[in-house]
Amino acid sequence: MTRTPAQRLARLAYTTARTGLPRAFRDDMAGRVLDLLGNSLAAVPTGVAASVSAMAESWGGAPQATSPATARRLPAPVAALVNGTLAHSLDFDDTHLPSVLHPSAAVLPAALAVAETVGAAGGALLDAAVIGVEVTCRLGMAGYDPAANNSIFFDRGLHATAICGTVGAAVAAGMLYGLGEEELTSVIGIACSMGSGIIEANRTGGTVKRTHCGWSAHAGVVAADLARHGVTGPATALEGRFGFLTAFCGNRADPAQLTDALGERWEARRLFVKPYPCNHFTHAGIDAALRLRAAGVDPSAITALTLGVPAPVVHTIGEPHAAKARPQSGYHGAFSGPFTIAAALLGGGGLGVSHADFTDAAVRSADRLALAEKVRVVADERCTSVFPHQFPAVLTAELASGRRHVERVEVNRGGPENPLTQAELITKFRINAERTLSPAQADRVAELTGGLPSAPDTTALMAALAGRRPV
């Protein structure tokens with residue numbers, strides 16, 4: 001009998017839970033966990049974190065899992081809700097291309113919550129996280145249109161991360177609950193009824209998008225728990241006539257992406273870690289600006305700057321020019337090609353630019369605004385041909401001497417072809433974590449996260465994560 005895609009994914013999850021993944025997979029995922037924890041700790045002081053945490057604490061329930069945003073442990077689904085919200089709140093979470101998903105922010109909070117609840121070993125946590133991310137990315141790729149170079153989900157106003165991430169989170173949670181192959185198939189079928197998210201907030205505002213990964217993580221844990229208690233889901237939930245792909249993508253989806261070279265080609269190993277806390281489309285331009293600085297270009301000698309980017313990116317980071325050159329807030333500055341170029345050229349923090357470069361005060365800097373005014377964002381044909389497998393850029397500086405200096409960046413820093421070093425990952429983590437924890441506490445969390453592949457459980461890590469207040 002031919003197995004459905006859900007059954008094949010469930011078999012991979014079941015087999016992996018029993019045999020484990022190679023150490024290289026676990027080490028790579030430990031780095032993703034470190035990145036997620038740092039992003040989450042940085043978001044603790046935000047308003048949306050306070051709102052979701054207050055709601056979560058008002059629910060009460062069994063103290064099963066830790067959140068750095070609350071004063072006490074929470075039920076596993078609730079901790080996943082809070083932590084997934086933290087993970088996605090600052091748009092600093094990792095990305096899978098070309099699906100443009102943020103898989104770790106949905107999957108890892110669910111996996112961490114269940115691992116803590118059941119006392120799972122660190123290796124089991126990392127294995128479950130890898131498979132959950134793999135499922136998420138493959139769903140995203142099934143909903144990617146290569147002819148249009150765009151996500152079908154996004155074309156229809158849907159937040160692919162929230163929808164696909166729910167299924168991946170559910171599979172990871174189900175593995176950690178010790179479910180069998182048939183139950184894991186049901187987990188997928190159940191989770192397909194639970195994913196949700198629209199992206200209108202990207203266009204007209206609101207903070208609800210920051211909760212999307214929290215909802216995915218919460219729903220994933222609930223889906224796994226339902227299967228654990230006997231609820232079943234259809235084995236044809238992904239490709240069926242009334243299944244996931246038809247419901248969300250119409251007749252444009254490619255179901256073959258769900259299982260093509262499954263267990264051989266790993267999308268989970270192709271995540272892009274953000275080095276800078278701003279819109280990912282601006283990153284290659286920042287790298288180009290940093291290269292100009294390294295080459296000795298004096299910002300005061302620049303008369304004009306042209307930032308070439310993929311054609312679909314221009315409206316996001318370059319238009320209208322007047323608004324992008326003079327951001328109205330720190331948040332707007334993070335989506336501005338001109339401002340991010342100016343920040344990098346004049347000397348940003350962290351790995352090139354940091355949170356301190358996107359405060360409301362920072363975007364009022366006269367020097368930065370004067371330089372941002374000189375930047376024009378245009379479509380570049382070569383960049384467009386690479387997009388969205390990378391988010392490339394070319395930066396051309398016109399100097400008062402009449403000379404031109406050109407820097408082209410075609411491979412994003414932090415991606416599989418140009419990964420951050422372990423030292424850079426730890427630097428990013430510390431910058432994020434120290435917005436909530438002391439330097440010593442942050443170092444302890446980093447040490448314990450690095451040791452997850454051989455850790456007997458997550459108890460010490462969760463205690464260190466909550467170190468800023470008693471639990």
Side chain proximity check, N39 to L86, heavy atoms < 4.5 angstrom: no
A219 versus T166, closest heavy-atom pair with distance: CB-CG2, 3.8 Å
d(F281 CZ, H315 NE2) to nearest 0.5 Å is 7.5 Å
Parallel, tilted or perpendicular for F244 and F248, by the 30°/60° rule? perpendicular
What is the minimum heavy-atom distance between T136 and P103, and which atoms define it? CG2-CB, 3.9 Å
So that I can tick it off, tell me whether D35 and R32 are bridged by a salt bridge, with the cut-off set at under 4.0 angstrom between side-chain N and carboxylate O. no
Interatomic spacing from CG in L81 to CG in L74 - rounded to 0.5 Å: 9.0 Å
Closest approach of C213 and G84, non-hydrogen atoms and distance? CB-O, 3.6 Å
Cationic N near anionic O, under 4.0 Å, K428 to E424: no
Validation row, ring centre H212 to ring centre W215 under 6.0 Å: no
Run L258 and L238 through side chain to side chain contact (heavy atoms under 4.5 Å, CB included) and show every step you take. CA-CA 9 Å; L258 297 174; L238 296 176; 4.0 Å; yes
Any donor-acceptor N or O pair under 3.5 Å, side chains E116, T66: yes
Please report the C-alpha distance between L36 and L112 in whole Å, then the side-chain angles of each, then the deciding distance to 0.1 Å, and finally whether the side chain to side chain contact (heavy atoms under 4.5 Å, CB included) criterion is met. CA-CA 11 Å; L36 175 122; L112 285 162; 4.0 Å; yes
What are the two closest heavy atoms between A224 and Y177, and how far apart are they? CB-CD1, 3.9 Å
Quick one: is the NZ or CZ of R413 closer than 6.0 Å to the six-membered ring centre of F391, and within 45° of its axis? no
Could D260 and R265 be called an ion pair, given the rule that one side-chain N must be under 4.0 Å from one carboxylate O? yes
Is L37 close to L461 at the side-chain level, that is, under 4.5 Å between some pair of heavy atoms? yes
Electrostatic pair E134-R270, nearest N-O below 4.0 angstrom: no
Quick one: closest heavy-atom pair of H96 and L271, and the distance? CB-CD2, 3.9 Å
Walk me through it: do N432 and H355 pass the test side chain to side chain contact (heavy atoms under 4.5 Å, CB included)? CA-CA 8 Å; N432 278 329; H355 295 293; 2.6 Å; yes
Heavy-atom check, side chain of T211 versus side chain of V52, under 4.5 Å: yes
For N150 and D155, test the side chains for any donor-to-acceptor distance below 3.5 angstrom and give the result as yes or no. yes
With a 3.5 Å cut-off and no angle check, do the side chains of H88 and K209 form a donor-acceptor pair? yes
Here the gap from R138 atom CZ to L12 atom CG, rounded to the nearest 0.5 Å, amounts to 8.5 Å
Heavy-atom nearest pair, L97 first then P388, reads CB-O, 3.6 Å
Inter-residue atom distance L245.CG - N251.CG, 0.5 Å rounding: 11.5 Å
Verify side chain to side chain contact (heavy atoms under 4.5 Å, CB included) between L262 and L9, making sure each step is shown before the conclusion. CA-CA 8 Å; L262 186 65; L9 292 168; 3.8 Å; yes
Close side-chain approach of F387 and V313, heavy atoms under 4.5 Å: yes
Within-4.5 Å side-chain heavy-atom neighbours: F358 and T340: yes
Under 6.0 Å between ring centres: does that hold for F339 and F335? no
What I want to check is whether the side chains of Q441 and S438 have a donor and an acceptor closer together than 3.5 Å. yes
Any side-chain donor-acceptor pair under 3.5 Å between T95 and H280? yes
Side chains of T16 and D127: donor-acceptor distance under 3.5 Å anywhere? no
Is a donor from one side chain sitting under 3.5 angstrom from an acceptor on the other, for S40 and N83? no
At what distance, to the nearest 0.5 angstrom, does CG of L34 lie from CZ of R430? 9.5 Å
In terms of side-chain geometry, is the basic nitrogen of E181 or R3 positioned less than 4.0 Å from the acidic oxygen of its partner? yes
Any non-hydrogen side-chain atom of T436 less than 4.5 Å from a side-chain atom of P45? yes
Nearest 0.5 Å, what's the CG-CG distance between N412 and D287? 7.5 Å
